[in-house]
Structure formats: C-alpha cells, structure tokens
Amino acid sequence: MNFFGTLSIDSFVQTSAVAMGAQVFVIVAATGGVLWLIFSGTLDWLWREWLTSLDHKRIGVMYLILAGIMGVRGLADATLLRTQQATAALPSSGYLSAEHFAEIFSAHGVIMIFFVAMPLIFGLINLVIPLQIRSRDVAFPFLNSLSLWLTVAGALLVNASLVVGQFSAAGWLPYPPLSELAFSPGVGVDYYIWALQIAGVASLISAINFLTTIITMRTHGMRLMHMPMFTWTTLGSMLLVLFAFPLLTVVLALLFFDRALGMHFFTSTLGGNPMMFVNLIWAWGHPEVYILVLPLFGVFSEVVPTFSHKKLFGYTSMVVATMAITALSFLVWVHHFFTMGAGANVNAVFGIATMAIAIPTGVKIFNWLFTMFRGRIVFKTPMLWFMGFVSTFVIGGMTGVLLSIPGADYQLHNSVFLVAHFHNMIIGGVVFGFFAGFTYWFPKFAGFTLDERLGKWAFWLWVTGFLVAFMPLYALGLMGMTRRLYVVDPSWQPLLIVAAVGLAIILAAVAVQIAQLVVSVRNRERLHAGHNPWGSHAPEWAPLPPVDRTHNTGVAMCIGALAFLGGFGMVWHMWWLAILALAVSAVLFILPPFKHV
C-alpha cells in the first residue's frame, strides 16, 4: 500500500496562471497568518479566549468570521466568472479554460451555500436564540463548538483543493454520470464529497442542539405561542435540517462508493439509476433553500415591528405560515427537474405544490406590510434592508411561480433566467435578511451601533448592484443563454458587460461595509448605545442576570482538525490517515476525561 495514497508531487502542479496565482496566495496568506499569530503573541490569547470557548456568543461570532472569510473567496470566484463571460464573446475564449471555469462555478455554489450562507444563519442563531428564550446557553455547549469546527474543517478542505489537486468541475450539485469516476477521474469530486459530508454532519449536530434548546430551555412561563418569531422560524429551519441533511449524507456516501469501491448505484448501464441521485439530492436541496431563508423571515418579523412602533400583525398566522412552509418545502423538489421525464402527472402535482408554497410566503409579506400600516416608521438601516428585501424578493417570487409551470420551465430551466431567480431569492432573502439582523442586533453584543451613514451607502450600493448584476440575466435567459457557458454568443455580450458592472457595484458595497465596521469601532464612544437603542420590546433586549463563565476546551477544535485530516485522507486514498483520524476523534469524543457533552 502506498503511504501517500494517490498523492504525488504532480498533484501540486497547477495548469493555468490563474490557478497558480490562487495556489500561491493561499500558501502565502496561510503561512503569513500563522507566523503573525505566533510572533505577535496573539495566539495564546486567541486560544484561551476564542478558539476553545464554549460560549454561544463567541461561537456565533466565529461562525460570522468564517462566513466573511469564505465570502471573500466566493466573491473572488464570482468576479472570475463574470469577467470571463463578459470578455469571452466568440471568437474570443477569454482567459479561463473550460475545465477551470467549471471548477470555479462549482466551487462558487458550494462555498456560498455551505460555507457562507449556513455559517451566517448559525452565527445569528447562536447569538440570539438563547437570549430570546432567556436561557444562559444552548443545551449542549460542547456540541455547539464541535459543529463550528467541523464546518471549518469542511471549508479548509474546499480551500485545500486550491493548493493540491483541483476541485470538482461537475457543478455545485454533481449529477452522475458526470461525477462518476469515468468522467471525473481526478480528486475534485472527492473533495466535494468529503467537504460536504463533514459540513453536513456539523449542520445536523447544530439542528439537534438548537431544537433541544428551544424545546427544553425556554424560560419559565414562555409557552410555544409566546415565543418570538425568530425563535419560531429557527425551530422550523432546524426541523428541516434534521430531516433533510441525512438525505445529503446518504447520497454523497453512495456516490463515494461508486467512485472508490466500484459500486454502481448511479450507473444506468450496470443496474443503477442516475435519477435516484437527482431525486435524493433535490429532496435535500429544496428544503435547504428554506433552511436558509426561514430564520431571516424571523429577523424581519423582529425588525419591522420595532421600526414601525407597532405590535407584529397576525402573530398566529405567522406561526402557521412558518410551519406550512416547513411542511410544503418537502413536497416540491421535483420542480428542479421538470425537464427530466418524470411525466405530466408528476410534474402537475409538483407544479401545484410549488405554487401553493407561495401562499404562506405571501401571508408573511402581507403581515409585515400590515404591521407597517399606520405605524410610526423609522427608516434606520435595518428597516431599509427590509424594504430592499420586499422589492427584490417579490420579483424572485414571481419568477419562481413562472418556473413552477412545467411548460414554461421546459423553456427556461437550463438558462441563466434560473440563475437570476435563484440569486433573487438568496441575495434578496438571505443576504439582505442577514444584514438587517446583523445591524439590528449588533449593539446588543458590541455596545455601540454601526455607522448609519455608511450603512445607508452600503444598502443603496447593494440594491443597485444586485439589480444591475441580475436583471440582465432574466433577459439573457429569455434570449436563450444557457448556464455554465465559458464562451458566449457576441449578441449576449452587452448584457453580460452590464452584469459585470453590477458585480463591481456589489464589490464596492462590500468595501463600504468593511469601512463601516472599521469606522464604527473607531468611533465607538460616539456611537455608544444603551442596552436597547431601538426601543424594542423583544425579550433578548432585556438585561440578563450575570452568566457564569463557561469552561473552555480544545477538544472540539482537535476533532475538527482530525476531521480535516480524515477527509484529506479519504480524498487521496490514504486510508490509514482516515482510519486513524476517525479512531482518535472517537476517543476524544466518547471517553472520559474528554467527554464534555
């Protein structure tokens, strides 16, 4: 048996200047960061106060930092994709090869969903949920830390593909047969499988933890129908994680068995069925959209009443709508492959179910608008993000209803119209919702508000950039431009240049947000806020009694490091490393004195 498995010196050789630049950047940035931590004396403080902390608030902040770092990578990938398409009108082929372009768009989707959006959600949940239910912490602090470090391990595996080997070129959902060994013989799909397996286990652990926390640790007298809406929507989201993520675990395991052990679960010529992969991956994939967006619906349900100076309109109907979305999200997955021959009857059922899920979503939007009606509305930055959400998310909702019609979907399914719709929902719903929640709750944890002037600049740049970047894609989709093209028809180039300008505006918005954070920290004395600067009546703003300092442990971080090594071993067929990492992890997790659950 080869000690290094399939790993060799050639695995470090990159075939393009762009890939080589990324490789050098990752190595230099990682080495420089570690050296700075060691020689600045920061490492010891970081270890004692943050990396080993079991405090839900610090874990929440670390989730947000992870999302920010991976967001930079995701935006860099988006920049490469947009500039390639804007400059690659035939006969020009741009500056990326077809293979490298496919790797970048695959990595972009994976990073933005699993390592930006999910950490943003879990970061907010960690920060707010225990305070909203008046609990001192989550039910299982050690598991909370373990979830964070397993997510970090998955993110590191994705970035490791920049240094050694390459990432998957089979799309952010790697359909067979393209992801089978015959058509993807490198390690890219294996990086995908193990990064997502580890991150998926982390999400599942978090769901169990927060469900237990919400159900068993509410303060005395807080019944279910007394819970804040953010807690309700988090409950719905965690239920979805609990039932959906095991599907992802199973389908990725089956794909790994096909690739590594010569099995044929998805090989149609040898008794398998590739459509089984498509059904399983989307039975997870569509609930995943609501896993992301439901907690942000809860954020808006906290922000709108606060800045309208009114009680939330229709609390009971909001709870019912949340649970209806939770249930219906499991009944619509086939609309992701109407074009794949499921049949007219099946398509009709799932088309109707897709339209039906728009009803409880509409209930929420109308309730927010009725909350604003005759209210004393103050357009602080969190409220502006809500207004941006309404204007963009409704566009995405309407295009979603259009795509739910099988006949229309046959024309638009594989076009960039669908790309625009998806980003409409994720940016308009998840990203704008996170910005609203982050700005709203920031003074609760920092003691000062974020700079309003820069916050409003960031808002207008984001909304403008989003519209300029993605509205052209709707038109291009109607014109027939399909997804995943690394070279394009010359007639599409003007609109693609407009879309690239939109991305540049978004990058400017991100730069303003970074400046907003820096300026706010610098001027924190002037921006000092009381314990409740917005005048909210939500329970998390009431003072909590002093909380005993939680004990720290480095075990969770060690298990995360072992998960990375184990995943790396599985990718490169270093079975001894994978088995050793799993065994040591089990010892750390199970046996005293390492058990901290």
Side-chain angles (χ1 to χ4, degrees), residues 22-73 76 111 115-116 119-120 122-123 126-127 137-138 141-164 195 198-199 202 205-206 442 445-447 514 517-518 520-522 524 547-569 577 580-581 584-585 587-589 593-596:
Q23 182 186 49
V24 171
F25 176 80
V26 170
I27 293 172
V28 171
T31 305
V34 171
L35 291 176
W36 178 81
L37 288 174
I38 293 172
F39 291 109
S40 67
T42 308
L43 186 60
D44 181 61
W45 169 81
L46 199 62
W47 175 264
R48 287 183 290 102
E49 297 295 327
W50 286 90
L51 302 181
T52 60
S53 177
L54 298 185
D55 181 356
H56 69 94
K57 297 182 290 298
R58 297 196 175 210
I59 290 172
V61 171
M62 287 189 283
Y63 265 118
L64 299 186
I65 292 171
L66 171 64
I69 293 170
M70 296 302 289
V72 171
R73 163 78 196 276
I111 288 168
F115 302 110
V116 177
L120 289 179
F122 282 121
N126 263 288
L127 287 167
D137 208 323
V138 297
F142 174 75
L143 290 184
N144 201 20
S145 179
L146 180 62
S147 298
L148 166 69
W149 291 111
L150 289 176
T151 305
V152 171
L156 287 174
L157 269 180
V158 173
N159 286 313
S161 68
L162 290 173
V163 178
V164 51
I198 294 168
I205 293 171
S206 284
F442 185 86
F445 301 98
I514 294 171
L517 195 57
V518 172
S520 300
V521 172
R522 184 178 299 166
R524 58 187 177 276
V547 177
D548 297 332
R549 181 181 174 89
T550 57
H551 69 280
N552 289 11
T553 175
V555 174
M557 188 178 180
C558 291
I559 293 176
L562 289 165
F564 168 77
L565 292 174
F568 191 82
L577 179 60
L580 179 63
V584 176
S585 297
V587 170
L588 290 177
F589 184 78
F594 305 114
K595 190 175 180 182
H596 295 274

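Counting all heavy atoms, side chain and backbone alike, Gln23 lies closest to Leu162 at CB-O, 3.4 Å. Considering every non-hydrogen atom in both Ile198 and Ala153, the closest pair reads CG2-CB, 4.1 Å. Of all non-hydrogen atoms in Asp137 and Leu54, the two that sit nearest each other are OD2-O, 3.5 Å. In terms of heavy atoms, Leu157 sits closest to Ala195 at CD1-N, 3.8 Å. The shortest heavy-atom contact between Glu49 and Arg58 is O-NH1, 2.6 Å. Nearest approach of Phe122 to Ser206, heavy atoms of both residues: CE2-CB, 3.4 Å.
With rounding to the nearest 0.5 Å, the separation of CG in Leu588 from CG in Leu562 is 6.5 Å. How far CG of Leu35 is from CG of Leu43: 11.0 Å, rounded to the nearest 0.5 Å. Interatomic distance, CG of Leu146 versus OG1 of Thr151, reported as 9.0 Å (0.5 Å rounding). Of the inter-residue distances, the one linking Leu580 atom CG with Leu565 atom CG reads 9.0 Å to the nearest 0.5 angstrom. Going from atom CD1 of Ile69 over to atom CG of Leu64 covers 11.5 Å, rounded to the nearest 0.5 Å. We find the CZ-OG distance between Phe568 and Ser161 to be 10.5 Å, quoted to the nearest 0.5 Å.
The local environment of CZ in Phe445 is crowded, with over 12 non-hydrogen atoms from other residues, nucleotides or ligands closer than 6.0 Å.
Residues Val158 and Arg73 form a side-chain contact, since some pair of their non-hydrogen atoms from C-beta on lies under 4.5 Å apart.
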Practice prompt. Please lay out, stage by stage, how Phe142 and Phe589 fare under the test side chain to side chain contact (heavy atoms under 4.5 Å, CB included).
Written response: CA-CA 10 Å; Phe142 174 75; Phe589 184 78; 3.7 Å; yes
Fill in: Criterion side chain to side chain contact (heavy atoms under 4.5 Å, CB included) on Leu517 and Phe442, from CA distance to verdict
CA-CA 11 Å; Leu517 195 57; Phe442 185 86; 4.0 Å; yes
Item to complete: In sequence, state the C-alpha distance, the side-chain angles, and the governing distance for Met70 and Asn159, and then conclude on side chain to side chain contact (heavy atoms under 4.5 Å, CB included).
Response: CA-CA 9 Å; Met70 296 302 289; Asn159 286 313; 3.3 Å; yes
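Looking at Asn126, its side chain never comes within 3.5 Å of a backbone N or O of Val61 through a donor-acceptor pair. Under the 3.5 Å distance criterion, the side-chain polar atoms of Arg524 are matched with a main-chain donor or acceptor of Val521.
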